[in-house]
Amino acid sequence: MKQTVIKNGYIVSMNQSRQVFVGGDILIEGSKIIDIGSVPDEKIKPDAEIVDATGKLILPGLVNTHVHLSQQLARGLGDDVDLLTWLHERIWPYESNMDLEDSYISSLACCLELVRSGVTAFAEAGGQEVDGMGRAVEEVGLRGILTRSAMDCGEGLPEKWNESTDYCLKKQEEHLKRWNGQADDRIRVWFSLRTVFNNSDELIKRTKSLADKYNVGIHMHVAEILDEIRFAKATRGRTTVEHLDHLGVLDSNFLAAHAVWLTDRELDSFALHDVKVTHNPAAAMRVLGFARIKEMLDRGVTVSIGTDGAPSNNRMDMMDEMHLTALIHKGRHLNSKVLPAEKILEMATIDGARCLLWDDKIGSLEKGKKADLIIIDPVSAGSLPIHDPISNLVYSMHSNNVEASMCDGQWLMRDRKILTVDEGEVLKLARERASDIVKRAGITLPHRFPIVEA
């Protein structure tokens with residue numbers, strides 16, 4: 001079995017003791033980490049690949065816990081509008097006009113951006129063409145959880161998406177049986193609930209039963225905007241979280257996206273049921289609000305970081321998202337000690353793995369865990385000098401500092417070059433497909449400045 005040895009690096013392990021190995025080594029055999037710290041020469045095979053990481057930082061691969069692969073080609077379509085306009089006039093027309101090949105190209109393009117920003121694992125928040133997503137993830141080499149966006153009711157849904165509860169669940173079971181565990185278990189499939197606007201109580205309850213049956217998770221957008229809370233009260237008699245609790249859905253396998261508008265009682269409920277939260281600061285700041293992340297953490301809720309989709313954020317860049325997460329909550333609380341750099345790294349690595357129910361395999365660099373890691377070159381005008389490497393990783397580094405990426409023991413990027421797919425060809429196809437989808441969907445954007453023919 002092939003060995004790779006990464007030597008002389010500054011290894012931020014994120015293990016239980018949060019050890020940092022200065023001048024440390026990592027021995028990888030196949031897809032697993034065999035040894036870490038100081039690797040004896042006798043453990044290294046003569047034909048092992050030796051990587052000198054002198055002066056470099058080595059981290060577990062970042063975990064993006066909320067991203068929409070199929071929305072990558074919609075970057076820029078949803079800027080400066082409210083959420084319901086974003087949905088009904090921009091994103092639903094876009095997504096409902098995608099075919100399987102569109103989803104495949106969009107997913108490839110999104111995966112490339114994830115790799116370049118240091119992500120090795122992610123949770124997809126729900127698209128329609130899961131087969132296109134799976135094909136892309138398999139080829140790029142990332143680790144990911146896929147979901148099909150489940151909607152069985154609601155106003156304004158495109159005709160194509162008018163689906164019964166039975167059909168929603170049937171399609172998700174089909175995808176789970178086809179993709180769950182594929183690509184040497186790099187691909188897993190969960191169930192999705194889009195929002196309380198578009199999910200009947202029957203769908204919510206049956207989704208929970210199936211998720212438990214298959215021992216997988218549920219990914220749902222929860223308490224995003226105040227209008228959602230008002231809608232839930234008007235139609236269900238309770239807020240979104242109170243109603244989900246009433247239906248018995250809140251559990252350790254439930255991943256709540258955004259979770260912005262929560263009361264103290266609802267925060268307590270999340271902690272009681274071990275609900276996981278994915279915090280998407282850039283997307284939330286655009287239109288949703290400021291999630292009560294400190295209050296969640298104080299209660300012991302596991303919180304991770306996600307980017308959301310391209311039309312919600314425009315940047316599928318976890319390095320940016322870590323920086324933003326660290327800053328906005330200090331400002332909200334007027335307390336510079338809130339969410340320090342070391343906590344941000346936990347949220348982006350081991351806590352992200354916990355949210356994906358995958359922390360037994362990924363999220364930290366330890367013997368026996370999967371070889372999912374990134375190498376960061378700190379030498380750049382925007383990140384030097386380095387007095388405190390942990391602080392620099394959160395407050396100073398950019399995605400262009402990510403030099404190499406490995407997932408499941410396979411190099412995805414070396415010397416900033418993508419190795420698994422033809423990046424130039426993917427970007428060419430992405431441009432072509434994006435234009436075609438917008439035309440089919442009939443989406444027109446207003447001119448922000450007067451257009452003058454030259």
Side-chain angles (χ1 to χ4, degrees), residues 64 66-114 116-117 122 124-130 132-133 136 147-149 151 154-161 192 194-195 197-198 221 224-225 227-228 257-258 260 280-289 306-318 320-321 324 426-451:
N64 184 340
H66 187 79
V67 63
H68 291 266
L69 298 184
S70 59
Q71 290 182 1
Q72 188 75 1
L73 304 186
R75 194 196 308 267
L77 293 183
D79 296 338
D80 303 332
V81 296
D82 63 78
L83 181 62
L84 296 181
T85 300
W86 183 92
L87 274 175
H88 293 275
E89 298 180 20
R90 306 288 175 83
I91 302 311
W92 283 355
Y94 160 86
E95 285 189 308
S96 63
N97 277 276
M98 298 184 79
D99 60 25
L100 185 63
E101 194 68 12
D102 293 328
S103 175
Y104 166 64
I105 298 301
S106 179
S107 298
L108 280 177
C110 187
C111 285
L112 290 178
E113 189 170 6
L114 295 180
R116 289 200 168 278
S117 72
F122 67 88
E124 221 285 331
Q128 304 308 120
E129 303 290 353
V130 173
M133 299 177 198
T147 63
R148 183 180 191 268
S149 187
M151 296 178 282
E155 294 183 6
L157 284 177
E159 180 64 29
K160 179 180 177 181
W161 289 354
S192 164
R194 188 81 175 219
T195 71
F197 287 113
N198 307 111
H221 300 76
E224 290 185 88
I225 56 174
D227 281 347
E228 177 193 323
H258 302 301
V260 174
N280 302 189
M285 285 177 65
R286 285 170 62 121
V287 69
L288 307 182
T307 59
D308 211 338
S312 302
N313 181 350
N314 289 308
R315 303 181 183 190
M316 306 299 93
D317 191 327
M318 279 288 287
D320 284 355
E321 225 63 23
L324 195 55
V426 171
L427 298 181
K428 173 178 175 292
L429 292 171
R431 290 194 296 272
E432 294 169 357
R433 289 273 172 176
S435 297
D436 289 344
I437 297 167
V438 168
K439 288 177 184 176
R440 294 200 301 268
I443 299 170
T444 57
L445 301 181
H447 295 304
R448 293 179 180 267
F449 295 109
I451 302 298

Counterpart residues, side-chain hydrogen bond (donor to acceptor under 3.5 Å, both in side chains), relative to E228 (two or more places apart) = T240
Out of N313, N64, N314, which residue meets the side-chain hydrogen bond (donor to acceptor under 3.5 Å, both in side chains) rule with T307?
-> N64
Passes side chain to side chain contact (heavy atoms under 4.5 Å, CB included), V81 versus E89? Steps please.
-> CA-CA 10 Å; V81 296; E89 298 180 20; over 6 Å; no
For S149, enumerate each residue passing the side-chain hydrogen bond (donor to acceptor under 3.5 Å, both in side chains) test, keeping only those at least two apart in sequence or located in another chain.
-> R194
Classify the ring geometry between H258 and H66 as parallel (under 30°), tilted (30 to 60°) or perpendicular (over 60°).
-> perpendicular
Is a salt bridge present between R116 and D317, judged by a nitrogen-to-oxygen distance below 4.0 Å?
-> no
Correct closest heavy-atom pair for D308 and M316 would be O-SD, 3.1 Å
For the student: nearest non-hydrogen atoms of E321 and A283, plus distance = OE2-N, 4.5 Å
Could you walk me through whether F122 and L69 pass the side chain to side chain contact (heavy atoms under 4.5 Å, CB included) check?
-> CA-CA 10 Å; F122 67 88; L69 298 184; 3.9 Å; yes
Please walk me through it: do V67 and Q72 pass side chain to side chain contact (heavy atoms under 4.5 Å, CB included)?
-> CA-CA 9 Å; V67 63; Q72 188 75 1; 5.9 Å; no
Mind checking the CG-CG spacing from D82 to L288? Nearest 0.5 Å is all I need.
-> 11.0 Å
I91 to A74 - nearest heavy-atom pair and separation | CD1-CB, 4.4 Å
Distance from I437 atom CD1 to L73 atom CG, nearest 0.5 Å?
-> 5.0 Å
Which residues share a side-chain contact (heavy atoms from CB on, under 4.5 Å) with L100, sequence neighbours left out | E129, D131
Between S107 and S70, the two heavy atoms sitting closest are OG-N, 4.5 Å
With distance as the sole test, does H68 use its side chain to make a donor-acceptor pair with the main-chain N or O of A310 at under 3.5 Å?
-> no
R433 bridged to D99 by N-O distance under 4.0 Å = yes
Between the CG atom in N280 and the CZ atom in R286, the distance rounded to the nearest 0.5 Å is 12.0 Å
Could you tell me which non-hydrogen atom of M151 sits nearest to which non-hydrogen atom of Q128, and how far apart they are?
-> CE-OE1, 4.2 Å
With a 4.5 Å limit on heavy-atom distance, are the side chains of R90 and L445 in contact?
-> yes
Above 12 or not: heavy atoms from other molecules or residues under 6.0 Å from NZ of K160?
-> yes
To the nearest 0.5 Å, atom CH2 of W86 lies from atom CG of D79 at 11.0 Å
State, to 0.1 Å, how close Q71 and S106 come at their nearest heavy-atom pair, and which atoms those are.
-> N-OG, 3.8 Å
Value for CD (E155) from CG (L87), rounded to nearest 0.5 Å, stands at 13.0 Å
When rounded to the nearest 0.5 Å, the distance separating NE2 of H88 from CG of L157 is 7.5 Å
Could you tell me whether R440 and D102 make a salt bridge, using a distance below 4.0 angstrom between a side-chain N and a carboxylate O?
-> yes
